[in-house]
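One-based numbering along the sequence shown. Order of appearance sets the numbers: ligands from 1, and atoms from 1 within every ligand.
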Amino acid sequence: MTQTTAESPARKQRAQLRVRTLRTDRWWLAPALTFAGLLAFLIYGFWAIFDKSYFADPYIAPFASPCLATSCPEGARFLGLAPFGAWYALPPGLLILGLPGGFRLTCYYYRKAYYRSFWLSPPACSVAEPHGKYTGETRLPLILQNIHRYFFYLAIVIGLILSYDAVLAVVHNPAGLGSWILVANAVLILCYTFGCHSCRHITAGRLNHFSRHPLRYKAWTLVSKLNARHQQFAWASLFSVMIADLYVRLVAKGVINFPFA
Ligand code: FES
């Protein structure tokens with residue numbers, strides 16, 4: 001039997017086409033929309049990190065939670081903690097940005113999304129990429145994408161803290177629209193987090209016999225259902241966190257100011 005190896009001449013050659021693709025559909029639409037969506041999120045996130053109106057009691061904006069800086073206003077500080085002391089003078093959001101940011105950046109779905117839309121590598125199936133060399137994720141820096149599993153553990157903590165914020169908001173202002181926006185955001189964030197491919201693998205990925213582990217099998221079944229909609233939850237939670245964050249800031253700035261805000 002002929003074996004195809006990395007050294008095989010057949011593997012070294014690609015089909016020589018004179019055009020970039022033979023596709024005639026609108027293959028560019030999905031990467032263009034993805035590019036626009038992710039860029040909007042990055043621009044909003046950059047603005048939000050430096051915006052100071054992130055607390056409107058009992059609401060705290062998700063981009064600033066958990067608030068762990070000494071500059072956090074009374075009632076906003078998470079469990080009253082300020083582990084970084086008075087020397088930390090930068091925006092509180094910068095302290096925790098790396099956790100949800102790293103989680104999304106290394107997510108299997110987002111990798112596909114930004115490899116296609118930002119790096120055009122490749123922009124779509126059966127469309128040639130502009131780069132001459134392709135090494136995948138086999139070397140630095142992209143081999144670091146493998147730390148996704150560890151970001152997953154940290155993302156659970158962030159998801160639980162956002163849920164705690166939402167519960168506090170409902171307890172203190174059950175009729176407030178903001179409370180329920182925070183609840184919806186927390187639910188979507190948890191659905192996205194627990195639908196993670198790493199979570200599915202951790203839950204039961206290495207079991208040989210589901211019948212001997214009924215509880216893990218149940219958990220795996222649930223995670224698999226979320227996992228099947230991981231792309232949808234990735235986008236839904238991306239927009240929900242922006243909407244919830246903006247809503248709290250607009251209330252804090254007095255732009256939204258009606259009885260049931
Ligand atoms: Fe998307 Fe883990 S694969 S969050």
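- With ligand atoms numbered from 1 in the order given, ligand 1 contributes 1 (Fe), 3 (S), 4 (S) to contacts under 4.0 Å with heavy atoms of His230.
- Atom 2 (Fe) of ligand 1 has no N, O or S atom of Cys107 closer than 2.8 Å.
- A tilted orientation is assigned to the rings of Phe35 and Phe118, their planes being inclined by 30° to 60°.
- Residue contacts with ligand 1 include Tyr192, since one or more of its heavy atoms lies under 4.0 Å from the ligand.
- Under 2.8 Å from atom 1 (Fe) of ligand 1 lies no N/O/S atom of His148, from backbone or side chain alike.
- Near Tyr108, meaning under 4.0 Å from one of its heavy atoms, ligand 1 places the atoms 1 (Fe), 3 (S).
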- request: I would like to know whether Cys196 and Tyr108 meet side chain to side chain contact (heavy atoms under 4.5 Å, CB included); could you show each step before the answer?
  value: CA-CA 8 Å; Cys196 170; Tyr108 294 14; over 6 Å; no
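- Ligand-side atoms of ligand 1 in range of Cys196: 2 (Fe), 3 (S), 4 (S), range being under 4.0 angstrom from any heavy atom.
- Of all atoms in ligand 1, listed by their number and element, those nearer than 4.0 Å to a heavy atom of Phe103 are 4 (S).
- Checking His201 against Arg149 by side-chain atom types alone, a donor-acceptor pair falls below 3.5 Å.
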field: Cys72 and Cys67: CA distance, side-chain angles, deciding distance, disulfide (SG to SG under 2.5 Å) verdict
entry: CA-CA 6 Å; Cys72 299; Cys67 208; 2.2 Å; yes
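- Taking the six-membered ring where tryptophan is involved, the planes of Phe84 and Trp87 are perpendicular, since the angle between them exceeds 60° and thus also 30°.
- Screening Ile158, Leu162, Leu81 for a side-chain contact (heavy atoms from CB on, under 4.5 Å) involving Pro66 leaves a single residue, Ile158.
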